[in-house]
2 protein chains.
Amino acid sequence: MRDELSDQAHHLVQYLEHGEREAFLDGFDELHGYDQAVFYVTLPSQLRHQIIEWLTPTELAAVFDEIEPEDVDLNDLLEEMSPRYAAQMLNQMYTDNSVDLLEEVEPRELAMYLALMPKTDADEIRRLLNYEDDTAGSLMGTEFVAINQNLTIGQAMTAVKRAAQEAEQITYIYVVDDEETLVGVISLRSLIVWPDEARVSDVMDTNLITVEPSDDQEDVARLMADYNFVSMPVVVENKLVGIITVDDIVDVIDEEAAEDYSRLAGVDVVTLEENPFKSATKRLPWLIGLIFLGMGTASVINTFDGLVQQASILAVFISLITGTAGNAGTQSLAVSVRRIALQETSSLLRMLLTEVLIGAMIGTTAGITIFLVVWVWKANLLLGVAVGLAMGVAILVANVAGSFIPLIMDKIGVDPAVASGPFISTLSDLTSVIIYFNIAGLFISHFVSA
Amino acid sequence: MRDELSDQAHHLVQYLEHGEREAFLDGFDELHGYDQAVFYVTLPSQLRHQIIEWLTPTELAAVFDEIEPEDVDLNDLLEEMSPRYAAQMLNQMYTDNSVDLLEEVEPRELAMYLALMPKTDADEIRRLLNYEDDTAGSLMGTEFVAINQNLTIGQAMTAVKRAAQEAEQITYIYVVDDEETLVGVISLRSLIVWPDEARVSDVMDTNLITVEPSDDQEDVARLMADYNFVSMPVVVENKLVGIITVDDIVDVIDEEAAEDYSRLAGVDVVTLEENPFKSATKRLPWLIGLIFLGMGTASVINTFDGLVQQASILAVFISLITGTAGNAGTQSLAVSVRRIALQETSSLLRMLLTEVLIGAMIGTTAGITIFLVVWVWKANLLLGVAVGLAMGVAILVANVAGSFIPLIMDKIGVDPAVASGPFISTLSDLTSVIIYFNIAGLFISHFVSA
């Protein structure tokens, strides 16, 4: 909560505690919806009971419209109300928001709330609940304004004024024909500028960009960001079934970015866990899985035990080579995953060549650097050559793997989630030690004599 | 470009090539601004010359309003126009967009374009160019609608209609007093619903949330995302100086997420590089820097050369332990950076305890796993104990480092950018080998006898 609000919040709590209804409602009403929501969820339960008593379900619905379901324990909040009150409140919220909340509710409670709503409203919510997560359908609300194309601007304006209180946004007004097919869109801005006598069909924009309920939310977000739309119509067989508003898109972009980010680190940061035990449980599967991949690396080194026995100096550079190649592989991975997110993956062959080139340049530079360092440090030219060469080749391989594994997964339609940063660097440990010991084997006689 | 557009684009190119002015203008006009921009920038230069000839600077300004400066070579695009035409066009764009473009222009060209604009417009652009990148000032435009609080709704509506063509958005209309101080806001939705005779000051919302030009763009984005605003007023000493619109915020969220992500991988993915040589040059500094940190790890192993000579089996588990601890450290780092981004970093002590707990649980589980594997594989209980114990402690240390380094940097006000994923895993290589060889040293007699 912003600093300037804490004073106000302090007063509101006092009004609640002393039962000063009018003073509370006046002060609460002055807050923005988001601040009301933050205030509401941070109160102790018995003070929320007081608010529930004082506000109608419709008034509380405006507060709940601003609650982010992932930030609260929704079942607790709803159990503080009578089932009838909760059902009425949920029904008065914008459908996209109430559906978001109801997805978090236990099946038994969900059935109860739906049973307490008017049948048509319950059916609508049930329909929206059926859309898969991460699709346009799961984001859309049904509080849009649609008018018939045969209206005049004056008639349209009257209709919009009537609908203004219910609608989630009226920046765009959608235009339908007599069969309810979506045929155009007109902005409120145009509506107030055009003369009353003009016909909607003559001034509407007919170049429509629409999405379908099954479309991926990330694609919808990209479209809305590119076209700078405040809302996007969702259609089924050219009939308007809902709209997606830009505030939901902002959340989607944030969430999708957090997902890509989680992937890179091999840990879920989309929903941050407060409980340390649960945190550990979430992080462990990746780590333990990778330990078994790491065992592969250990057994490769084990097969080269003869070399290490002859020249223990080889052990010194294992982690330098695996670490650097892992870092290079992680960089490539990050660039590839970003290109996939931005859909900049045109020609597979061209990208292969580009990454081979980058890997070769980076590998050469890093290899020469480490060659010089080892040569000077150990005063052994051939040891320097062996370590430098191994480093260069290991980086080249890690680079190509880091960019290609996610790209190929994406091309063949597998979710590239498994290609995490830790996976690539653990895989690159394996390839790096194979490369390192094979190259070192070629030079071994020179280290032993050193 | 969307598939359904390629046909249309094909026709438009033919009209351009055959000099069919009317047909081209009709077709081009039907496209959305964003599609016009995509079409324009992908054309060969001589066809763009034709468009410049056919469109007025004002008409082309609407196209350039949709161009993302990072996607194109702006200097090339502007050099195709006469300086006077380019200056007029830049001046007709929304100021936030023209300033974004002008930031990419060479200083000499910038001076020339500004000299060719009316002085007041040039001064305004100069003022906006002075705001630092990543601040509210650098995002804001000056095409807002502000009305006096003493107007009636009817008068306000007339003012809004007059301003509608110029303004970037009219969803919110800002209200000022006689001294031009911002005193309230009213939505276009309210404006059309309230009766003409009502006074603006009686119906406006006076609970204002504003930002200042020097505010961090990430904070502004967070506020707009929380409050679901379509635009945000920017004030200096309570005077309205500009507005930030939600489309800019969508870009900011995307960009900030890409920055966090880049940090995690130690590579810049905010601006993706097409040239492999430049890509390599961008990735190398991190890698080479970390090679020198990695040399620290190599020299630690070197000091334990005596141990490796006695028991070459120790070399087998180096990369398994450093790799796993690095993975755990990267996970912690990712969670911490995300908490910093979401400003969920309340109590340093509490977070320290939480991360120690998580590290202990993960370290114990991973340590026991590896103990069992090594014990069974090598039939050597004490070797298993040594490797498992080293793994557990190394993970605990990597976890605490991964979460604490960025948090402490953030608390003391240093940009935590240096705490990248590769840095943490390379640092953890160093601590891991120190831990590993010290623990192994305690058990060494048992491996030698094995």
Side-chain angles (χ1 to χ4, degrees), chain A residues 30 34 161 164 170-171 188-189 192-193 207 225-228 246-247 250 253-254 257 261 264-265 267 269 276 279-280 283-284 287-288 290-291 294 297-298 301-302 305 308-309 312 315-320 322-324 327 330-331 334-335 338 354 357-358 361-362 365-366 369 422 426 429, chain B residues 30 34 161 164 170-171 188-189 192-193 207 225-228 246-247 250 253-254 257 261 264-265 267 269 276 279-280 283-284 287-288 290-291 294 297-298 301-302 305 308-309 312 315-320 322-324 327 330-331 334-335 338 354 357-358 361-362 365-366 369 422 426 429:
Chain A
E30 276 174 21
Y34 174 72
K161 283 183 190 176
I170 56 170
T171 304
L188 183 54
R189 183 198 292 233
I192 65 168
V193 172
N207 185 1
D226 283 343
Y227 286 91
N228 292 340
V246 69
D247 53 304
V250 167
I253 289 181
D254 210 21
Y261 181 83
L264 195 61
V267 60
V269 300
S279 289
R283 296 189 204 173
L284 270 167
L287 279 182
I288 299 292
L290 292 178
I291 282 179
T297 309
I301 303 180
N302 194 52
D305 191 42
V308 180
Q309 284 187 11
S312 61
V316 169
F317 300 104
I318 292 176
S319 79
L320 180 63
T322 58
T324 308
N327 289 343
T330 305
Q331 289 182 330
V335 172
R338 181 75 182 163
T354 307
L357 251 173
I358 296 173
M361 284 188 276
I362 290 177
T365 315
T369 307
T426 309
D429 286 352
Chain B
E30 273 175 23
Y34 174 74
K161 282 182 191 176
I170 55 171
T171 304
L188 182 55
R189 184 200 292 234
I192 65 168
V193 171
N207 185 3
D226 283 344
Y227 286 92
N228 292 340
V246 69
D247 53 307
V250 167
I253 290 181
D254 210 20
Y261 180 83
L264 195 62
V267 61
V269 298
S279 289
R283 295 189 205 174
L284 270 168
L287 280 183
I288 299 292
L290 292 176
I291 282 180
T297 310
I301 303 179
N302 194 49
D305 191 42
V308 181
Q309 283 189 12
S312 60
V316 169
F317 300 104
I318 292 177
S319 79
L320 180 62
T322 58
T324 307
N327 290 342
T330 304
Q331 289 182 329
V335 172
R338 181 73 182 165
T354 308
L357 252 173
I358 295 173
M361 284 188 276
I362 289 178
T365 315
T369 307
T426 308
D429 285 352

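- Taken from CD1 in I301(B) to CD1 in I318(A), the straight-line distance is 7.0 Å, to the nearest 0.5 Å.
- One finds the CZ atom of F317(A) at 7.0 Å from the CG atom of N302(B) (value rounded to the nearest 0.5 Å).
- Per-residue heavy-atom pair counts under 4.5 Å with chain B were compared for D254(A), T426(A), T369(A), T297(A), and the maximum is reached by D254(A).
- Residues I170(A) and I192(B) are in side-chain contact: their nearest non-hydrogen atoms beyond the backbone lie under 4.5 Å apart.
- Contact count versus chain A (heavy atoms, under 4.5 Å) is highest, among L284(B), V316(B), D247(B), for V316(B).
- Minimum heavy-atom separation, K161(A) to V193(B): O-CG2, 4.3 Å.
- With respect to chain A, the highest number of heavy-atom pairs below 4.5 Å among A366(B), G323(B), A334(B) belongs to A334(B).
- The structure places OG1 of T330(B) at 11.0 Å from CZ of R283(A), a figure rounded to the nearest 0.5 Å.
- For the atom pair CD1 of I253(B) and CD1 of I253(A), the computed distance is 7.0 Å after rounding to the nearest 0.5 Å.
- Annotation: the span from N327(A) atom CG to I288(B) atom CD1 amounts to 11.5 Å, rounded to 0.5 Å.
- Closest non-hydrogen pair, E30(B) versus N207(A), comes out as O-ND2, 2.5 Å.
- Between I358(A) and P276(B), the shortest heavy-atom contact is CG1-O, 3.6 Å.
- Contact count against chain B (heavy-atom pairs under 4.5 Å) is highest for L188(A) among L188(A), T322(A), T171(A).
- Nearest heavy atom pair, residue A280(B) against residue M361(A), reads CB-CB, 4.0 Å.
- The contact between V246(B) and chain A is made entirely by side chain atoms (from C-beta outward), counting heavy-atom distances below 4.5 Å.
- Atom-to-atom distance recorded for T324(B):OG1 and I291(A):CD1 is 4.5 Å, nearest 0.5 angstrom.
- Taking all atoms of both residues into account, the shortest heavy-atom contact from S312(B) to V308(A) is CB-CG1, 3.9 Å.
- Using a 4.5 Å cut-off between heavy atoms, D226(B) contacts chain A through both its backbone and its side chain.
- Here the closest non-hydrogen pair linking D429(B) and S319(A) is OD2-O, 4.0 Å.
- With a 4.5 angstrom heavy-atom cutoff, T354(B) touches chain A via backbone and side-chain atoms both.
- Ranked by heavy-atom pairs shorter than 4.5 Å toward chain A, the options L357(B), V335(B), V250(B) are led by V335(B).
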